[in-house]
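Note that the structure is predicted; figures quoted are calculated from it, not measured. The analysis underlying the following values was restricted to heavy atoms, covering all of them including side chains, and did not include hydrogens, waters or symmetry mates.
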Amino acid sequence: MSRIGKKPVELPSGVSASVSGQTIEIKGPKDTQSFTATDDVTVAVEENAVKVTPRGSSKRARQQWGMSRTVIANMVTGVTTGFKKEPENNGVGYRAQMQGNTLKLSLGLSHEVNFEVPAGITVTAPKPTQIVVEGTSNQLVGQVAANIREWRKPEPYKGKGIKYVDEYIFRKEGKKK
């Protein structure tokens with residue numbers, strides 16, 4: 001039995017869910033999101049909660065059970081409060097600034113990196129060393145933050161690069177004479 005899948009997803013006030021076939025649509029104050037579950041699970045709305053149950057005892061049905069429930073819970077969180085990731089620049093001359101829908105990054109390369117922000121995501125740079133990625137989709141927010149971080153991952157000797165605010169970089173000792 002899936003410990004995660006057994007729990008129903010509670011719908012807070014102001015959030016509504018509707019199921020048609022295998023597709024569930026969740027409407028909230030911030031956004032509307034939909035998810036199509038596989039044929040291995042059944043999705044039902046019961047008494048202000050969304051319940052996911054497997055349609056068999058196969059391994060794939062049990063896998064999809066917990067995963068589908070988690071995706072639906074993330075959608076409910078996204079349409080109510082949203083998600084946020086905060087990458088920060090560490091390094092001399094590493095800067096970030098927003099110009100329209102483009103994030104301009106100076107990362108010690110021979111050129112400036114222009115990162116186009118996808119639709120549904122809000123990126124701000126309150127300080128030159130701080131970036132804030134916000135949106136209603138957990139997957140999309142994480143992917144955009146990872147794409148920004150990919151330009152200059154933090155290195156273990158000086159700690160230079162783009163790291164998340166809550167991330168710890170294990171530092172290594174350099175060469176000894």
Side-chain angles (χ1 to χ4, degrees), residues 1-7 9-10 26 28 30-31 33 35-38 40-41 52 59-177:
M1 294 280 292
S2 171
R3 291 183 183 182
I4 294 171
K6 280 193 288 189
K7 298 177 187 174
V9 179
E10 297 294 326
I26 297 182
K30 286 195 169 202
D31 196 13
Q33 293 187 2
F35 169 67
T36 304
T38 60
D40 298 313
V41 294
V52 181
K59 183 176 181 181
R60 180 170 162 78
R62 292 191 318 261
Q63 291 169 342
Q64 294 297 317
W65 184 19
M67 190 273 305
S68 298
R69 190 259 179 212
T70 303
V71 169
I72 292 168
N74 283 342
M75 286 170 35
V76 170
T77 304
V79 299
T80 54
T81 58
F83 292 97
K84 179 182 191 180
K85 286 263 190 183
E86 296 185 27
E88 68 178 1
N89 299 334
N90 288 334
V92 177
Y94 285 22
R95 276 184 244 98
Q97 68 179 27
M98 283 299 295
Q99 283 188 347
N101 199 30
T102 304
L103 178 67
K104 295 199 175 284
L105 298 168
S106 299
L107 299 172
L109 302 171
S110 62
H111 59 284
E112 202 171 64
V113 175
N114 295 328
F115 183 81
E116 291 294 324
V117 179
I121 296 293
T122 306
V123 177
T124 55
K127 298 181 197 168
T129 59
Q130 186 181 8
I131 304 165
V132 178
V133 182
E134 294 177 299
T136 56
S137 171
N138 190 18
Q139 192 273 331
L140 195 56
V141 168
Q143 188 63 53
V144 168
N147 289 345
I148 292 170
R149 185 179 188 266
E150 193 69 27
W151 281 102
R152 195 65 109 168
K153 286 187 178 173
E155 54 96 16
Y157 294 100
K158 293 183 180 178
K160 292 170 63 171
I162 300 174
K163 72 174 195 74
Y164 298 116
V165 170
D166 56 351
E167 181 181 16
Y168 174 75
I169 304 299
F170 180 76
R171 300 295 289 271
K172 292 183 178 178
E173 194 174 337
K175 287 184 184 177
K176 293 192 175 182
K177 290 186 178 182

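Summarising the geometry, atom OH belonging to Tyr157 is positioned 9.5 Å from atom NZ belonging to Lys175; distances are rounded to the nearest 0.5 Å. Atoms CD1 and CG, on Ile148 and Leu105 in that order, are 6.5 Å from each other to the nearest 0.5 Å. Remark: Lys84 NZ to Asn138 CG distance equals 14.5 Å, nearest 0.5 Å. For the atom pair Trp65 CH2 and Lys6 NZ, the distance stands at 7.0 Å (nearest 0.5 Å). Between Ile72 atom CD1 and Met67 atom CE the span is 9.0 Å, to the nearest 0.5 Å. Interatomic distance, Lys85 NZ to Asp166 CG, rounded to the nearest 0.5 Å: 7.0 Å.
Between Tyr94 and Arg152 the shortest heavy-atom distance is OH-NE, 3.4 Å. Counting all heavy atoms, side chain and backbone alike, Pro156 lies closest to Ile169 at CA-CG2, 4.4 Å. The two residues Lys30 and Thr81 have their closest heavy-atom pair at NZ-O, 3.1 Å. Of all the heavy atoms in Val41 and Ala61, the pair that sits closest is CG1-O, 4.1 Å. Of all heavy-atom pairs between Asn101 and Glu116, the closest is O-OE1, 3.8 Å. Considering all non-hydrogen atoms of both residues, Arg149 and Ile162 come closest at CG-O, 3.3 Å.
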Could you pull out all donor-acceptor pairs under 3.5 Å where a side-chain atom in residues 119-136 meets a protein atom, sequence neighbours excluded?
from: Gln130; atom 1: NE2; to: Glu86; atom 2: OE1; distance (Å): 3.3
from: Thr136; atom 1: OG1; to: Asp31; atom 2: OD2; distance (Å): 2.9
from: Thr136; atom 1: OG1; to: Gln33; atom 2: NE2; distance (Å): 3.2

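Side-chain contact between Val9 and Met75: absent, with no pair of heavy atoms (C-beta onward) separated by less than 4.5 Å. Using a 4.5 Å cut-off on side-chain heavy atoms (C-beta onward), Phe115 and Val144 make contact.
Side chain to side chain, Asn90 and Lys160 fail the donor-acceptor criterion of an N or O pair below 3.5 Å.
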Practice item. Using the side chain to side chain contact (heavy atoms under 4.5 Å, CB included) rule, take Phe83 and Leu140 through it: C-alpha gap first, then chi angles, then the decisive distance, then the call. Key: CA-CA 10 Å; Phe83 292 97; Leu140 195 56; over 6 Å; no
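Between the side chain of Arg171 and the backbone N or O of Lys158, at least one donor-acceptor pair lies under 3.5 Å.
With sequence neighbours left out, the side chain to side chain donor-acceptor pair (under 3.5 Å) criterion links Glu112 to Ser106.
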